[in-house]
Protein chains: 2
Amino acid sequence: MTGADEERTPIPATVVRRLPKYLLLTQRLAKDGQEWISSAEIGEALGLTSSTVRQDLSHVDFYGISKRGYSVRGLAAALSETLGANREIAVVVVGAGNMGRALVQHKEFLRQGFKICGIFDSDPALAGESVGDLKVRLIRELTEVICGQDVEIGVIAVPAPAAQEVADRLIVSGVRGILNVTSAHVVAPRHVPVVDVRIVASLQELTYAIKVGGRR
Amino acid sequence: MTGADEERTPIPATVVRRLPKYLLLTQRLAKDGQEWISSAEIGEALGLTSSTVRQDLSHVDFYGISKRGYSVRGLAAALSETLGANREIAVVVVGAGNMGRALVQHKEFLRQGFKICGIFDSDPALAGESVGDLKVRLIRELTEVICGQDVEIGVIAVPAPAAQEVADRLIVSGVRGILNVTSAHVVAPRHVPVVDVRIVASLQELTYAIKVGGRR
DNA sequence: CATTTAACGTTAAAATATTCACATTTTTCA
DNA sequence: TGAAAAATGTGAATATTTTAACGTTAAATG
Ligand SMILES: NC(=O)c1ccc[n+]([C@@H]2O[C@H](COP(=O)([O-])OP(=O)(O)OC[C@H]3O[C@@H](n4cnc5c(N)ncnc54)[C@H](O)[C@@H]3O)[C@@H](O)[C@H]2O)c1
Ligand SMILES: NC(=O)c1ccc[n+]([C@@H]2O[C@H](COP(=O)([O-])OP(=O)(O)OC[C@H]3O[C@@H](n4cnc5c(N)ncnc54)[C@H](O)[C@@H]3O)[C@@H](O)[C@H]2O)c1
């Protein structure tokens with residue numbers, strides 16, 4: 001009767017960031033037919049200690065068994081449920097440039113339950129163009145589509161200066177979370193979480209790692 | 001005479017991940033003509049406490065001054081230098097699919113010093129096709145180009161199952177760091193750092209944040 | 001010119017995250 | 001069947017990260 005899988009206290013962000021790694025690994029192993037995996041093997045595969053793995057998995061409503069480890073399929077299912085990703089989630093992409101179009105055509109999203117159901121742009125010249133199965137729509141149709149199709153996530157893939165404006169539109173349209181692919185810092189109310197994907201920043205992180213090199 | 005900006009001990013990863021944010025902010029403000037900024041203003045703009053900001057900046061060889069804060073331009077320059085991003089860095093992209101092509105055409109990379117000087121694919125049908133200013137080359141020319149042009153960073157944008165193989169090739173070709181855009185976990189020797197950009201994982205992080213909603 | 005104030009750099013306290021260590025559970029096998 | 005082994009879940013110890021506190025310094029003000 002009760003949902004029962006809800007945690008009293010949220011899982012620490014640092015743990016949440018690792019859960020998708022466990023999920024992906026177990027999905028892959030399940031496909032390969034592997035039945036069991038130990039925390040040590042997971043750690044090995046992902047560069048973590050077995051202890052961190054066990055500690056992390058203690059937040060997931062699923063139990064391993066002594067001497068065997070975790071059921072690969074069972075763990076994958078539990079992780080997916082814990083992440084709230086065990087269902088189809090409607091997504092819209094705003095910005096039909098190179099990045100937006102790449103995202104729309106990316107197959108893996110759907111395999112993981114993310115269904116992109118609209119791509120929007122402010123440029124009238126792009127309106128009506130096909131991208132994968134979709135046609136680009138004008139940004140002013142955004143609210144209508146989001147409300148009508150109960151879209152949960154909006155992806156911002158416009159030039160950085162337009163990012164906040166787009167975020168605001170997504171928010172008033174009722175989106176529940178935002179994936180921000182631009183380098184802009186986007187602000188949103190507490191109840192609309194924003195996750196950033198910052199590719200340039202990742203490259204800069206890499207230049208630092210290269211610079212300090214061995215000494216690390 | 002001495003480089004002098006080298007730290008005895010590497011900057012903690014958690015700090016390094018924030019430095020690009022400070023860099024981007026100060027670059028933008030510098031362009032807007034702002035001269036000074038305080039740690040409190042930086043924190044405000046980025047959702048951090050002023051204390052965290054000052055603590056972070058203590059790792060950067062640059063000093064603010066009482067009552068004024070930090071020189072915006074000076075801080076930007078110092079951050080860029082600390083990150084090792086204050087110079088042109090040659091990059092190659094492997095995988096000329098949607099993502100690889102989007103990356104090659106992305107203008108911001110060059111503005112930040114990352115010069116993409118080659119795009120490679122294993123598909124002979126793609127060889128010779130234009131992407132921006134570049135032409136797609138066959139993967140077997142990779143080593144030659146990397147050695148010849150002293151390429152520092154390789155970006156992996158191929159299907160996940162091919163990621164490790166591509167990484168291995170990049171490594172033997174002498175690349176000094178890898179940006180991995182696939183969902184695969186890539187292993188590399190200690191002296192070749194790997195930074196991951198995991199978009200699907202970011203979406204899953206978002207579904208969790210949506211699920212736990214207000215209670216956070 | 002002395003005083004007030006804003007903001008820094010830094011030390012230390014508090015909060016988080018990771019790792020260790022081990023009692024417990026399940027399986028194996030002699 | 002009972003001892004040995006492998007792996008879990010968890011409490012405690014470490015280590016790291018974040019935040020608070022504060023002495024110091026440079027500018028502003030009267
Ligand atoms: N291309 C990449 O590989 C890449 C990599 C990292 C980050 N990004 C970021 O992703 C974003 C998009 O990049 P891109 O390469 O696709 O750029 P792009 O210039 O190719 O496309 C941007 C699109 O956004 C549209 N647009 C502008 N303002 C808009 C608004 N207010 N509402 C709706 N649409 C609007 C434009 O008409 C254009 O079609 C940028 O912020 C970029 O920094 C791109
Ligand atoms: N498109 C996106 O928006 C997106 C988003 C997130 C992650 N990714 C990841 O980026 C990677 C590429 O995605 P994509 O959409 O560009 O895929 P894609 O299928 O459009 O392109 C992949 C390209 O890689 C080439 N390739 C395959 N094996 C190769 C090898 N061994 N050496 C060199 N080239 C090889 C293929 O010929 C193809 O051209 C994938 O791992 C994908 O999961 C893509």
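Order of the sequence lines fixes the chain letters, A, B, ..., with proteins taken first and strands second; residue numbering starts at 1 for each chain.
The listed nucleotides are D:dT17, D:dT10, C:dT19; the one nearest the side chain of B:Pro12 is D:dT17.
Look at A:Ser39 and you'll find a side-chain N or O under 4.0 angstrom from OP1 or OP2 of D:dT8.
Going from atom CG of B:Asp56 over to atom C1' of C:dT10 covers 14 Å, rounded to whole Å. Atom P of nucleotide D:dG9 and atom CG of A:Leu57 are separated by 8 Å, given to the nearest angstrom. Atom-to-atom, CZ of A:Arg68 to P of D:dG9 comes out at 14 Å; the value is rounded to the nearest Å. At whole-Å resolution of the value, OH in A:Tyr70 and P in C:dT26 are 14 Å apart. Distance, A:His59 NE2 to C:dT16 C1': 11 Å, rounded to whole Å. Here the C1' atom of nucleotide D:dA6 and the NZ atom of A:Lys67 are 5 Å apart, to the nearest Å. Separating the OH atom of B:Tyr63 from the C1' atom of D:dA26 is a distance of 17 Å, rounded to the nearest angstrom. Following rounding to the nearest Å, B:Phe62 (CZ) and C:dC8 (C1') show an atom-to-atom distance of 12 Å.
For a distance-only test at 3.5 Å, the side chain of B:Gln55 fails to qualify as a donor-acceptor partner of the base of C:dT10. Interface remark: the A:Ser66 side chain does not form any donor-acceptor pair with the C:dT26 base, using a distance-only criterion of under 3.5 Å.
Looking at residues 44-51 of chain B, you'll see B:Thr49, B:Ser51 sit with a heavy atom under 4.0 Å from some atom of DNA chain D. Looking at residues 14-30 of chain A, you'll see that no heavy atom sits under 4.0 Å from any atom of DNA chain D.
The minimum heavy-atom distance between A:Ala157 and A:Met99, with the atom names listed, is CB-CG, 4.3 Å. A pairwise comparison of heavy atoms in B:Ala167 and B:Val186 identifies CB-CG1, 3.6 Å as the closest pair. Residues A:Ile116 and A:Leu103 approach most closely at CD1-O, 3.5 Å, considering heavy atoms.
Two residues are said to be in side-chain contact when any heavy atoms from C-beta on lie closer than 4.5 Å; A:Ile171 and A:Arg169 fail this criterion. Looking only at side-chain heavy atoms (C-beta outward), B:Lys21 and A:Arg198 come within less than 4.5 Å of each other.
Along DNA chain C, the nucleotide nearest to A:Ala13 and the one nearest to A:Arg54 differ in position, and the one closer to the 5' end is contacted by A:Ala13.
A side chain to side chain donor-acceptor pair (under 3.5 Å) check over residues 65-75 of chain B, counting only residues at least two apart or in different chains, returns nothing.
Donor-acceptor pairing under 3.5 Å is lacking for the side chains of B:Ser39 and B:Ser50.
For the pair A:Glu81 and A:Arg87, the salt-bridge criterion is not met [side-chain N within less than 4.0 Å of a carboxylate O].
Of the possible donor and acceptor atoms, one in the side chain of B:Asp121 sits under 3.5 Å from a partner among the backbone N and O of B:Ala96.
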